[in-house]
> 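First the structure, then my questions, so here it is.
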Amino acid sequence: MIKAVDRLLDHLTMYRLVLYYLMALLGAAFAFGFVKLVPHDPLALVYTTALTVSVCWVTNKAFALVFEVPANNESVYITALILALILDPVTDLNGIAAVAFASVWAISSKFIFAVGRKHLFNPAALGVALSALLLDKPAIWWVGGNPWLLPLVVVGGILVVRKLRRLDLVATFVAVAVATILATTEPAQYGNALKETLSSSPMLFFAFVMLTEPLTAPTQRWPRVAFAGVVGLLFAPNIHVGSFYFTPELALLVGNLFAHAVSPKGRFVLTLERIEQTAVDSYDFIFRSQRRLAFQAGQYLEWTLGLDRSDNRGNRRYFTVASSPTEQSVRLGVKFYPQSSAFKRALGAMKPGATIHASQLAGDFTLPSDPKTKIAFLAGGIGITPFRSMLQYLVDRKEVRPVVVLYGTEGQGDIAYRDVLGLARRELGIRTFHAVAKGAEHGQYPGYIDARLVRLTMPDYLERTFYISGPQAMVKALRRKLLAMGVRRSRIKVDYFPGFA
């Protein structure tokens, strides 16, 4: 069952999954409204949704033109649908004005309250917070208080968390919020407090959709856990400063400030210098940046292109930075397939001088802090890109580490970065063993990376930390094989980032 779910999720971008989730909630609420299972007029719900979508779309287009940045339509629709799910559905003039006000501020916050071209606050949270403070029109969070919608909230939310691999974030938030609620409640009321919190409050929808918003949450694990704790503490309804009580959106805005303080800063505009072919259907796009990009070898970025016509995969992708932190240029390694997405087609059509936007530096698929740690790099196809970054980094720093590389490809033409692999062997003694499925040459292993190859090349494999990068099916299969061979879970790191590339 889990494998089937993962296969489905692997073919959806994170943004598209969240969008479908929100659409399903609104569709169910509309249907339930006709039989009075949701206390809102279906027509008012449709009207409010149309209003948030149209106002958000127009506002985003206007600001994108003024600030000369790509318009991310998926994130616009996500923000609009969140607003429709938490604001009171309206048809009266005052209510319409409040919804439009919240929508305008939600989108404009991405541009006005931005540091280094990266927005600071969760857009929907800021929009409804300003509507409450300035117009006395607070969010009612109706989606979180309806028992008929609760199963859909939970099931869809679990899929989002699975896709993002953010169980640590959501679990910490829920645990801290519940603990704080109980700590501020009379013991005799614990049962009612728990029932209200888990079934009739916005906590779960808030956690699944708004807390996990990637651009305003920390990307590293321990800052992310701390962020969840801060928001969970302030989320509890009895937490206040004097007569001022926190609301869910205010709790999140405070958390966003904390996230900004502990996260990598800024969005980068990168200019294409040249394109190099690295293997059959694989190319490196080499960019220059006006300011230096500080990152660790093996980390990834979210890359955004302005597309005239996008497809269902959107205009944003997560890709590993293939260059080393020691290099001046920023290198993006991509493999193209016959049925490439609109994003990849636009990327392939780029000419020198064209620009791309990069942000949300993240990832802990990085070299261990102890240089004596024995390492094994297991790569499949274009999954060699993070190892290219790490090996070039070690070569440039003349840093000798006990590393063995196993590189699996379909054929000889699929082997990328031969120059860096050769340099690592000559300069640092780091050997690469090639597993070639078709047409293996002398000295190469015929077939795919398997347990036999691991034992042949690394008799001390139980002492090594394994890094695995490549197609998801390969990564999962190798992880299972290593566990069966007795390698501890703590010694296996897999390269994962959200989105479908």
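Computation of the quantities below employed the complete heavy-atom set of this structure, encompassing side-chain atoms and omitting hydrogens, waters and symmetry-equivalent molecules.
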> Are the charged groups of Asp364 and Arg221 less than 4.0 angstrom apart, N to O?
no
> Classify the side-chain pair Glu327/Ser324 by whether it contains a donor and acceptor separated by less than 3.5 Å.
no
> More than 12 foreign heavy atoms under 6.0 Å from CD of Gln277: is that the case here?
yes
> Ser75 and Lys110: side-chain hydrogen bond (donor to acceptor under 3.5 Å, both in side chains), yes or no, with the steps?
CA-CA 11 Å; Ser75 66; Lys110 298 182 181 183; 3.2 Å; yes
> So Asp495 and Thr320, side-chain contact (heavy atoms from CB on, under 4.5 Å) or not? Walk me through it.
CA-CA 9 Å; Asp495 191 22; Thr320 299; 3.6 Å; yes
> How long is the span from the CZ atom in Phe227 to the OG1 atom in Thr172, to the nearest 0.5 Å?
11.5 Å
> Do we see a donor-acceptor contact under 3.5 Å between the side chains of Asp284 and Tyr417?
yes
> Is Glu302 close to His357 at the side-chain level, that is, under 4.5 Å between some pair of heavy atoms?
no
> Given Leu85, which partner from the list Val143, Leu149, Thr49 fulfils the side chain to side chain contact (heavy atoms under 4.5 Å, CB included) test?
Val143
> Donor-acceptor check, side chain of Glu213 to backbone of Thr216, threshold 3.5 angstrom: yes or no?
yes
> Please indicate whether Asp136 has more than 12 foreign heavy atoms, meaning atoms of other residues, nucleotides or ligands, lying under 6.0 Å from its CG.
no
> Measure from NZ or CZ of Lys335 to the centre of the six-membered ring of Tyr337 and say whether it is under 6.0 Å with the direction within 45° of the ring axis.
yes
> Between Arg316 and Glu74, is there a side-chain N and carboxylate O pair less than 4.0 Å apart?
no
> Using the test ring-ring contact (aromatic ring centres under 6.0 Å, His included), find all partners of Phe246 that sit at least two apart in sequence or belong to another chain.
Phe244
> If you round to the nearest 0.5 Å, how far is CZ of Arg331 from CD of Glu276?
5.0 Å
> Less than 3.5 Å apart, any donor N or O on the side chain of Lys163 or Thr13 sitting next to an acceptor on the other?
no
> Are the aromatic rings of Phe235 and Phe206 close, with centres under 6.0 Å apart?
yes
> Ring centroid separation for Phe268 and Phe295, is it under 6.0 angstrom?
no
> So among Val330, Leu270, Thr271, Leu272, which one has a side chain to side chain contact (heavy atoms under 4.5 Å, CB included) with Arg288?
Thr271
> So with a 6.0 Å cut-off around NZ of Lys476, is the heavy-atom count from everything else above 12?
yes
> What I want to check is whether the side chains of Trp303 and Gln360 have a donor and an acceptor closer together than 3.5 Å.
no
